[in-house]
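By convention in this document, chain letters (A, B, ...) are assigned in the order of the sequence lines, proteins followed by strands, and residues within each chain are numbered from 1.
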Amino acid sequence: AQTVTQSQPEMSVQEAETVTLSCTYDTSESNYYLFWYKQPPSRQMILVIRQEAYKQQNATENRFSVNFQKAAKSFSLKISDSQLGDTAMYFCAFMKPPWAGYGGSQGNLIFGKGTKLSVKP
Amino acid sequence: NAGVTQTPKFRVLKTGQSMTLLCAQDMNHEYMYWYRQDPGMGLRLIHYSVGEGTTAKGEVPDGYNVSRLKKQNFLLGLESAAPSQTSVYFCASRPGRRIPGELFFGEGSRLTVL
């Protein structure tokens with residue numbers, strides 16, 4: 001079974017600085033998807049960024065980028081120029097490709113336990 | 001654009017009572033999910049559905065039942081609520097088996113069982 005581990009329960013960063021959130025996962029699959037979701041105090045789950053395992057290039061979305069190390073099964077999120085609005089819980093998530101066969105957990109998201117990020121003014 | 005809508009947003013139950021959470025999506029998505037979120041546990045999958053009329057168990061299905069009678073709706077039922085089911089429940093959906101991509105979430109429903 002796949003597992004996702006976020007080893008940092010809480011982190012803080014000063015506004016305008018850079019912070020990196022860690023995520024490791026365990027799987028025997030060769031093709032899969034990885035995601036970072038943000039959950040602000042409003043509770044809404046918002047997709048931050050996604051990475052497809054067969055793509056070697058690291059995904060970027062404005063101030064958010066990932067460092068995807070497939071061999072090490074590592075998927076860290078870097079937030080540059082941190083803003084107060086980045087304060088939230090961040091969840092790393094794994095998905096087996098939905099076309100990987102019938103039944104089982106294809107297409108389901110498996111989440112880590114989250115990292116609470118506080119951006120301080 | 002409504003997206004994924006959950007009702008109710010908040011509910012307090014007594015032990016042994018029953019209730020149903022409704023999830024509705026207007027994106028014509030095939031797949032729908034129910035997760036629960038507990039402090040320090042992340043989100044855990046309760047049940048999911050890959051299409052109208054089909055449901056399957058997730059990681060923590062005990063004490064819950066689901067139904068997907070219409071493609072746009074996914075209902076989560078608690079027949080006899082227990083304090084251990086106090087949690088925040090999230091519904092999510094995504095397009096279909098052949099379409100990779102992220103899940104779209106509702107805003108969550110906070111359930112307290114006394």
Original post:
NZ of A/Lys70: more than 12 outside heavy atoms within 6.0 angstrom?
Top reply: yes
Original post:
Can you hop from B/Leu22 to B/Phe10 via hydrophobic side chains spaced under 4.5 Å?
Top reply: no
**OP:** Start with the C-alpha distance between A/Met95 and B/Arg94, add both sets of side-chain angles, then the distance that settles side chain to side chain contact (heavy atoms under 4.5 Å, CB included), and finish with yes or no.
**Re:** CA-CA 12 Å; A/Met95 177 191 286; B/Arg94 65 175 198 78; 4.1 Å; yes
**OP:** Go through the atoms of B/Ser109 and report whether side chain, backbone, both or neither lie under 4.5 Å from a heavy atom of chain A.
**Re:** backbone
Subject >> Enclosure of B/Glu52 CD (heavy-atom neighbours >12, cutoff 6.0 Å) >> reply: yes
Subject >> B/Tyr35 versus A/Asn108, closest heavy-atom pair with distance >> reply: OH-C, 4.2 Å
**OP:** With a 4.5 angstrom heavy-atom cut-off, could you sort out which part of A/Gln39 is near chain B: side chain, backbone, both or neither?
**Re:** side chain
Original post:
Which region of B/Leu45, side chain (C-beta onward) or backbone (N, CA, C, O), has a non-hydrogen atom less than 4.5 Å from a non-hydrogen atom of chain A, or is it both or neither?
Top reply: side chain
**OP:** Flag yes if A/Val19 and A/Phe68 sit in one hydrophobic cluster, no otherwise; membership is Ile, Leu, Val, Met, Phe, Trp, Tyr, and two members link when side-chain heavy atoms are under 4.5 Å apart.
**Re:** yes
Original post:
Between A/Gln44 and B/Phe105, is there a donor-acceptor pair closer than 3.5 Å when you use the side chain of the first and the backbone of the second?
Top reply: yes
Original post:
Where do B/Leu103 and A/Met45 land on the side chain to side chain contact (heavy atoms under 4.5 Å, CB included) test, with the steps shown first?
Top reply: CA-CA 9 Å; B/Leu103 270 62; A/Met45 295 288 286; over 6 Å; no
**OP:** Could you tell me whether a side-chain N or O of B/Tyr33 sits under 3.5 Å from a main-chain N or O of A/Leu109, the two making a donor and an acceptor?
**Re:** no
Original post:
At what distance, to the nearest 0.5 angstrom, does NZ of B/Lys9 lie from CZ of A/Arg43?
Top reply: 8.5 Å
Original post:
Given the options B/Gly58, B/Gly42, B/Ala92, which has more heavy-atom pairs under 4.5 Å with chain A than any of the others?
Top reply: B/Gly42
Subject >> Contacts of type salt bridge (Lys or Arg N to Asp or Glu O under 4.0 Å), residue B/Arg44, not counting sequence neighbours >> reply: B/Asp38
Subject >> Connected via hydrophobic side-chain network under 4.5 Å: B/Ile46 and B/Leu78 >> reply: yes
**OP:** Indicate if B/Leu75 and B/Val4 have the same hydrophobic cluster label, given that clusters are the connected sets of ILVMFWY residues with side-chain heavy-atom separations under 4.5 angstrom.
**Re:** no
Original post:
Taking everything shown except A/Lys78 itself, do over 12 heavy atoms lie less than 6.0 Å from its NZ?
Top reply: no
Subject >> Part of B/Glu59 lying under 4.5 Å from any heavy atom of chain A >> reply: neither
